[in-house]
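Here is the structure we will look at, set down as structure tokens.
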Amino acid sequence: MYTWTKRTAAAGILALGLSGLAQAQDNFGLGRPATASEIQAWNIDVRPDFKGLPPGSGTVERGNTLWDSTCASCHGSFAESNEVFTAIVGGTTEEDIKTGHVASLTSRTQPVRTTFMKVDTISTLWDYIHRAMPWNAPKSLKPDDVYAVLAYLLNLAEIVPDDFTLSDKNMAEVQAKMPNRNGMVFWKGLWDVDGKPDTHNTACMANCVAQPLVSSTLPPYARNSNGDLAAQMRIVGPVRGADTLKPALVVAAGENAAEVKNYARSTLAPGAAQGSAGKPAGPAQSGDDAIKLLKDHACMACHAVDKKLLGPSFLDIAKKYKGASYAMQKLAGKIRDGGSGVWGAVPMPPHPNLDDADINSMLQWILAQTSAGH
Amino acid sequence: MSTSNKPPVPIGRLQKAPEGFLSDALIHDIAIHGLDQTRRGFLKKSFLAAGAALAAGSSMMAAAKQADGSGAISAASAPGAQGDPMILQPRPWSTILGNPVAFHPYGTPSKYEANLLRRQSPGLTPTTQASVAFAPLQGFFGIITPNGLHFERHHQGWVDVDPEQHRFMINGMVKEAKVYTMDDLMRLPAVSKIHFIECGANTGMEWGNAAVPTVQYTHGMLSCCEFTGVPLKVLLDDCGADLKNAKFILAEGNDGSSMTRTISLEAALDDAIVAWGMNGEMLRPENGYPLRLVVPGVQGVSWVKWLRRIKVGDKPWNAKDETSHYVDLMPDGTMRQYTSIQECKSVITSPSGGQVLLGQGFFNVSGLAWSGRGKIKQVDVSFDGGRNWKTARLETPILDKCLTRFNIDWVWDGSPVILQSRATDSTGFVQPRYSQLREVRGTRSTYHNNAIQSWKVAATGEVFNVHVD
């Protein structure tokens, strides 16, 4: 812990203009000293100079095993999947490892910007995996697990060989091979409040541009891509939302006003007066209610309606149990007690606090899903 | 500029018709443009419709019934010679016993306001736990964001932390590492300040081209609240932080992601707040209950939610969101890092994309302006795509690193126009045009897009998001 003289502390506080509070540091008598164990428990950050990195090690091979059971469902077996999160590996070359600049960052053909294209320090990856991964069970990896998983990622990125063991001792050697280690620039302009801007417009008032050039508009097929906009606007005032379920209006503003107003009013959801307070009462009456329950209970963190995320899609579950009389009971048990091994290695965590009515509502809806429409 | 809403209507010419059969809009239209073949056609149609209604009873009663029963707004409800049925006929809410007090103990908006909600942009993220819900800026007045509509951005889902179990630690380059409970913190001398918070990626989808239809999706990762808490400086002093040798702090959250961000010590000592209050109530869980960091002027990701720890240090940490996200990709392939300040920016919120103007005539064009570097000094509005500009009125209060509401009068003549707003802050910085921003930063960046927004108003009254170089 850092120490300094009491005299300096008092001077520092005075200099900061807190003269009203200027006493010794314990002036409020609030809070208490942190114990060494408490600091150790939370002081988990790792810096680029490896300050904070705990001792430990892990092999590429062990990382591969951990990866397949813990990480692959979100990131793909080779960390190249772009399904759930942006790909981690890809877009870097042997030449990048030599130069420390990732060339594909200037390419217009590189489809995604992967983590290894961007990240410049290996400490960042260690720190983040340790503090926040895996996605559905953060902080469950021990330091040796983190070294192993990171060793596997470095191997996939072709930075270390198959037989590599990553440890706190050789992190600096690996840092020297990070493909984009020289790719970051510090630019004071957006760090300091007093920083210098890099764009220089002037407050011109008249004849500022010759003719305004419209360089981009939304294509007509995207009209409803963010939903019916009429249902997203207030129904009183000088404007209404556009009915994006229909093609764009063609007649002059005054002529379509009555129709626009009528439609906007029809978009008010029935029962909206209840607001969002409290949990939904009774069984789900509609797909919307069921989706709300599934969202409220965080089911949608791991399941999607029509594609596999961490867990199977609801569509796939419905297909598998189609016509099975035991489906409701069996699946209710799975939700309550958790399970694993049915759809892959990622376990379904138990949910002991869900009530039966909610489970039934959600399951009824899930089992009614068909590929024709949902 | 004229502030008269309506041109004088020569009522005499219209009074011979059955009462209430003409819409407001048609009356105005005829008053302005006179009669031609098309308008004669409308008149005839309206007349026949009114005649049919008369046959069924009185047109006035029909209109009143319709408004009561179906809730539909009919053209026939416009004022006739006798008057508006909304005035002439008793309304249900003035003839019944209303609801009791505390019917909604925490209060909810009117059911007629149900359309204004935080919304996700479909397809933006595959999971809802690492996603964004945008604030409906198109519906806000003034500068304060209602707490239930404050934008959300989470990295590993939001949590509802028990305030009794929450702890806040300061460690690192301090004389004494300390732990505070919420009870401790809330006894300390608190301040309340109004500041905007904007995600660094706000308007990020628009870097390359027009991508989303409304101001909710283009600019809705923006909110502004009165935050209450203890200045971080007070806490750093309380722990005896080494202000001479330290240069940075690390802020860390208490959620699954334990989000970390490096913040300059200068910002930490200047006006950062360890906050628990938001617009007079405790923070909402989605916004970091019970404790979050407020770092005015700096991108939202640094306002760490569910704040559990501040570490004082002498070097930046290069955390995940400082190296693989929240870095600005430049045309030469380098990435600008630690780009925190939200530069001066503005947007017209009414009228804005996805809305339909209901007729010609007077409109109060209104919007928001802000700067992470200080106060808003001036906002100019163009009605011709940036050729000519007029200076807008600024509403008070005009505060440091806070939203400022602007207004300007506009009489729309029904022809297509492009609306823009351009803000200047107290440092003299002028919000850039798209071409000026792209000239420096290219088109493949994600963060810090503060270019001038253009809304194209079509002759139909519909407003579209367009880009003007």
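Letters A, B, ... mirror the listed sequences (proteins, then strands); counts begin at 1.
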Please report the interatomic distance [atom1]([X]) to [atom2]([Y]), rounded to the nearest 0.5 Å.
X        : Y        : atom1 : atom2 : result
A:Arg265 : B:Asn115 : CZ    : CG    : 11.5 Å
B:Asn450 : A:Thr199 : CG    : OG1   : 6.0 Å
B:Asp380 : A:Met205 : CG    : CE    : 4.0 Å
B:Trp389 : A:Cys204 : CH2   : SG    : 9.0 Å
B:Lys178 : A:Leu30  : NZ    : CG    : 7.5 Å

Given heavy-atom pairs under 4.5 angstrom as the criterion, report whether the side chain, backbone, both or neither of [X] touches chain B.
X        : value
A:Ala230 : backbone
A:Asn43  : both
A:Ala206 : both
A:Glu38  : both

Would you check if there is a donor-acceptor pair between the side chains of B:Lys320 and A:Thr115 at a distance under 3.5 Å?
no
Within the distance-only criterion (no hydrogens, no angle test), does the side chain of [X] pair as donor or acceptor with the backbone N or O of [Y] below 3.5 angstrom?
X        : Y        : result
B:Gln156 : A:Ala132 : yes
B:Gln216 : A:Met233 : no
A:Arg32  : B:Val179 : no
B:Thr323 : A:Asp120 : yes

For B:Arg387 and A:Gln211, what are the C-alpha separation, side-chain angles and deciding distance, and is it a side chain to side chain contact (heavy atoms under 4.5 Å, CB included)?
CA-CA 7 Å; B:Arg387 285 194 72 183; A:Gln211 199 60 40; 4.0 Å; yes
Would you sort out whether B:Leu188 and A:Phe28 count as a side chain to side chain contact (heavy atoms under 4.5 Å, CB included), showing the intermediate values?
CA-CA 8 Å; B:Leu188 291 169; A:Phe28 301 110; 3.4 Å; yes
Heavy-atom pairs under 4.5 Å with chain B are the metric here; pick the option from A:Ser225, A:Ala210, A:Ala264, A:Gly52 that has the most.
A:Ala210
As an exercise: rank A:Asp127, A:Val84, A:Asp194, A:Asn182 by heavy-atom pairs under 4.5 Å with chain B and give me the winner.
A:Val84
Which of A:Leu229, A:Asp243, A:Leu249, A:Val239 passes side chain to side chain contact (heavy atoms under 4.5 Å, CB included) with B:Val356? It is A:Leu249
Test: A:Arg240 and B:Glu462 ion pair at under 4.0 Å:
no
Which salt bridge (Lys or Arg N to Asp or Glu O under 4.0 Å) pairs, counting each pair once, include a residue from residues 39-48 of chain A, with sequence neighbours left out?
A:Asp45-B:Arg309, A:Asp45-B:Lys311, A:Arg47-A:Asp49, A:Arg47-B:Asp314
Pairs meeting criterion salt bridge (Lys or Arg N to Asp or Glu O under 4.0 Å) with involvement of residues 330-343 of chain B, two or more places apart
A:Asp198-B:Arg336, B:Glu343-B:Arg373, B:Glu343-B:Arg441
For the pair B:Gln337 and A:Val185, evaluate side chain to side chain contact (heavy atoms under 4.5 Å, CB included) and give the outcome as yes or no after the intermediate values.
CA-CA 6 Å; B:Gln337 202 181 19; A:Val185 290; over 6 Å; no
Should B:Met259 and A:Arg131 be marked as a side chain to side chain contact (heavy atoms under 4.5 Å, CB included) after you check the CA-CA gap, both sets of side-chain angles, and the distance that decides it?
CA-CA 9 Å; B:Met259 166 62 63; A:Arg131 75 174 52 243; over 6 Å; no
Do B:Asn318 and A:Ser123 pass the side-chain hydrogen bond (donor to acceptor under 3.5 Å, both in side chains) test, and can you show the C-alpha distance, the side-chain angles, and the key distance before you say yes or no?
CA-CA 8 Å; B:Asn318 220 33; A:Ser123 60; 5.4 Å; no
